[in-house]
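Everything on this sheet refers to the single structure shown next.
This one's a predicted model, so the numbers in the text were calculated from it and none came from an experiment. Scope of the values below: all heavy atoms of this structure, side chains included, with no hydrogens, waters or symmetry mates.
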Amino acid sequence: MSKLRTIGWILFFTSSIVSGANTLAPSVRLNNGLEMPVIGLGTYLANEGECERAVRDAIDAGYRHIDTAYLYGNEKEVGNAIRSKIDEGAIRREDVFIVTKLWNTFHRPDQVEKAFQKSFENLNLTYIDLYLIHFPLAYKQVHKDGSDRTPQSVDDVNLFPNVNGRPVYDDIDYVDTWRAMEGLLQTGNVRSIGVSNFDIPQMERLLSQVTITPVTNQVECHPNHNQLPLIKYCNDRNITVTAYSPLGRPYLAKNNLAINDPKVQAIAAAHNKTPAQVVLRYSYQNGAIVIPKSTKQQRIKENFNILDFSLTPEEMNVMNSFNNE
Ligand SMILES: NC(=O)c1ccc[n+]([C@@H]2O[C@H](COP(=O)([O-])OP(=O)(O)OC[C@H]3O[C@@H](n4cnc5c(N)ncnc54)[C@H](OP(=O)(O)O)[C@@H]3O)[C@@H](O)[C@H]2O)c1
């Protein structure tokens, strides 16, 4: 455990503070030499009308990393918010790190560039910092009108092909998809590529067969699912882990969520922090980049404010006790 904490702190101390008016989060140096801020704003379920304002609020609060995906349907709003902040003179394009993702229906190697191009146009931000394979599994590509017609554009594709509610998969190897992702780097329109939802065996297989190492693996990661073995596996190979759902997805109202636990409330009170801040700090101290989602201005600020305290080894042990997966 102490080794993992050390890795977390090495990430912290080797990172650099991006200059600017606000207090900004440090960045971690990726395996391709580029830098990625260690706190980002998640945007899944940030709906039309609220996403753009949330991203603007996040930039005002000091966030310089925004996570979206083609699936979320809000890439245009994210792009609009960033461009408006650039136009205001609050940031330059190179100050922000924009992440989006390849959806499961576009894994066929000849579809990867087409899907990327759609996200690139939606965001309309000169370049994308990081493009991820959203999941290590492929869905069959079918027309959203239910006909047998071949979809002519990305917009024509049914994102959740299913028969009686069961997903229809396609037999496409994520290694082949990854090779097409590698090809995207040649276009200059994306600077880094990575993966999401890959477990250790999937990482192992990918790394053994490809030439470019993913810069990050974005996975579910919070005290109830702390991912310590995967963080160690990735960090040992100079791959960052991005913690998604870092608050534990309180909107699913699961039982025993750390964020709602009296022990976490006590730790929070001892630091004059909130349970959300303690939960985020925990994964950060374990070496993960965290991307909490909120569309509420106050929470956006709260979730960013995790760098001015640290959890003691005893408190980290209490937090470790929530891990149940
Ligand atoms: N790669 C993947 O497969 C994948 C999967 C899931 C998520 N993600 C990414 O990770 C991001 C974060 O994950 P997530 O959205 O699933 O879950 P999360 O960040 O763990 O939780 C978000 C939920 O917590 C609430 N919340 C935010 N701040 C809070 C606070 N300080 N106190 C109490 N509640 C708070 C939010 O509500 P309000 O908005 O009302 O504040 C929202 O309902 C996503 O938005 C997405 O960008 C990636």
Side-chain angles (χ1 to χ4, degrees), residues 1-15 26-40 42 65 67 97 99 101-102 104 107 130-137 173-179 181-182 192-249 258 279-292 311 313 316-317 319-325:
M1 214 61 67
S2 64
K3 191 171 175 205
L4 284 170
R5 256 198 311 276
T6 309
I7 292 166
W9 284 109
I10 288 171
L11 276 176
F12 180 81
F13 285 119
T14 56
S15 61
S27 291
V28 63
R29 192 173 296 279
L30 303 172
N31 60 30
N32 60 5
L34 299 175
E35 300 213 335
M36 178 174 181
V38 298
I39 306 175
H65 166 181
D67 183 80
F97 193 93
V99 184
K101 312 185 189 88
L102 175 80
N104 306 346
H107 273 219
L130 174 58
Y131 197 49
L132 305 179
I133 296 184
H134 205 147
F135 283 91
L137 55 88
D173 188 342
Y174 55 77
V175 172
D176 294 330
T177 307
W178 181 257
R179 293 201 176 107
M181 296 279 287
E182 290 179 340
S192 301
I193 51 174
V195 295
S196 178
N197 294 297
F198 277 52
D199 61 18
I200 291 176
Q202 287 162 337
M203 288 301 288
E204 194 82 0
R205 183 167 169 268
L206 184 74
L207 296 180
S208 70
Q209 297 195 35
V210 300
T211 46
I212 296 177
T213 303
V215 298
T216 201
N217 183 9
Q218 184 182 120
V219 293
E220 180 175 352
C221 177
H222 47 80
N224 296 80
H225 188 23
N226 68 20
Q227 297 278 18
L228 294 185
L230 183 67
I231 292 174
K232 176 168 169 32
Y233 176 90
C234 288
N235 287 178
D236 283 351
R237 289 156 183 80
N238 205 8
I239 299 166
T240 61
V241 167
T242 305
Y244 81 62
S245 304
L247 297 165
R249 299 182 173 181
V279 162
L280 295 171
R281 178 77 204 185
Y282 169 71
S283 292
Y284 172 66
Q285 260 179 244
N286 281 332
I289 294 163
V290 291
I291 51 167
L311 299 173
M316 289 298 280
N317 280 337
M319 300 304 291
N320 285 337
S321 71
F322 289 101
N323 188 47
N324 56 18
E325 289 179 57

### Message
So, using side chain to side chain donor-acceptor pair (under 3.5 Å) as the criterion, who are the partners of Asp67 when residues are at least two apart?
### Response
Lys101, Gln218

### Query
Just by modelled atom types, is the Phe198 backbone N or O under 3.5 Å from a matching donor or acceptor in the Asn217 side chain?
yes

### Message
For the CZ atom of Arg29 and the CG atom of Leu34, what is their distance to the nearest 0.5 Å?
### Response
9.0 Å

#### Entry: Approximate separation, where rounding is to 0.5 Å, of Glu35 CD and Ser192 OG
11.0 Å

### Message
Applying side chain to side chain contact (heavy atoms under 4.5 Å, CB included) to His107 and Ile133, what does each step give before you reach the verdict?
### Response
CA-CA 8 Å; His107 273 219; Ile133 296 184; 3.7 Å; yes

### Pairwise side-chain contact, Arg237 with Thr213, heavy-atom cut-off 4.5 Å (strictly under)
no

### Query
Excluding sequence neighbours, so at least two apart, what forms side-chain contact (heavy atoms from CB on, under 4.5 Å) with Ile200?
Pro229, Leu230, Tyr233

### Query
So, for Val210 and Glu182, which heavy atoms are closest and what is the spacing to 0.1 Å?
CB-OE2, 3.6 Å

### Query
Are Leu228 and Asn320 close enough that some pair of their side-chain heavy atoms sits under 4.5 Å apart?
yes

### Query
Donor-acceptor pair, Asn235 side chain versus Ile239 backbone, under 3.5 Å?
yes

### Query
Is there a side-chain contact between Val241 and Gln227, using heavy atoms and a 4.5 Å cut-off?
no

### Message
How long is the straight-line distance from CG of Leu207 back to SG of Cys234, given to the nearest 0.5 Å?
### Response
8.0 Å

### Message
Checking Thr216 now: which residues fulfil side chain to side chain donor-acceptor pair (under 3.5 Å) with it, not counting sequence neighbours?
### Response
Thr240, Thr242

#### Entry: Tyr244: side chain to side chain donor-acceptor pair (under 3.5 Å) partners, not counting sequence neighbours
Asn197

#### Entry: Non-hydrogen side-chain atoms of Leu132 and Met181 separated by less than 4.5 Å
no

### Task
Measure across Gly194 and Leu130 and return the closest heavy-atom pair with its distance rounded to 0.1 Å.
N-CD1, 3.7 Å

### Task
Kindly say whether Pro214 contributes a backbone atom to a donor-acceptor pair with the side chain of Asn31 at under 3.5 angstrom?
yes

### Query
With a 4.5 Å heavy-atom cut-off, do Trp178 and Val195 have their side chains touching?
yes

### Task
Measure the CE-CG distance between Met319 and Asn224 for me, rounded to the nearest 0.5 Å.
8.5 Å

### Task
Could you list the residues that satisfy side-chain contact (heavy atoms from CB on, under 4.5 Å) with Asp199, not counting sequence neighbours?
Pro201, Gln202

### Task
Only counting residues at least two apart or in another chain, list the ones meeting side-chain contact (heavy atoms from CB on, under 4.5 Å) with Gln209.
Val175, Arg179, Arg205

### Query
Under the 3.5 angstrom rule, does the side chain of Asn104 hit a backbone N or O of His134 as a donor-acceptor pair?
no

### Task
Could you tell me the separation between the CD atom of Glu220 and the CG atom of Asn226, rounded to the nearest 0.5 Å?
11.5 Å

### Task
Could you tell me if the ring centre of Tyr282 sits under 6.0 Å from that of Phe322?
no

### Task
First locate atom OG of Ser245, then atom CD1 of Ile291, and finally report the distance between them rounded to the nearest 0.5 Å.
8.0 Å

### Query
With Asn238, which residues qualify under side chain to side chain donor-acceptor pair (under 3.5 Å), at least two apart?
none

### Pro246 to His222 - nearest heavy-atom pair and separation
O-CB, 3.4 Å

### Query
So which heavy atom on Ser196 is nearest to which on Pro136, and how close?
O-CD, 3.6 Å

### Query
So which heavy atom on Lys232 is nearest to which on Asp236, and how close?
NZ-OD2, 2.7 Å

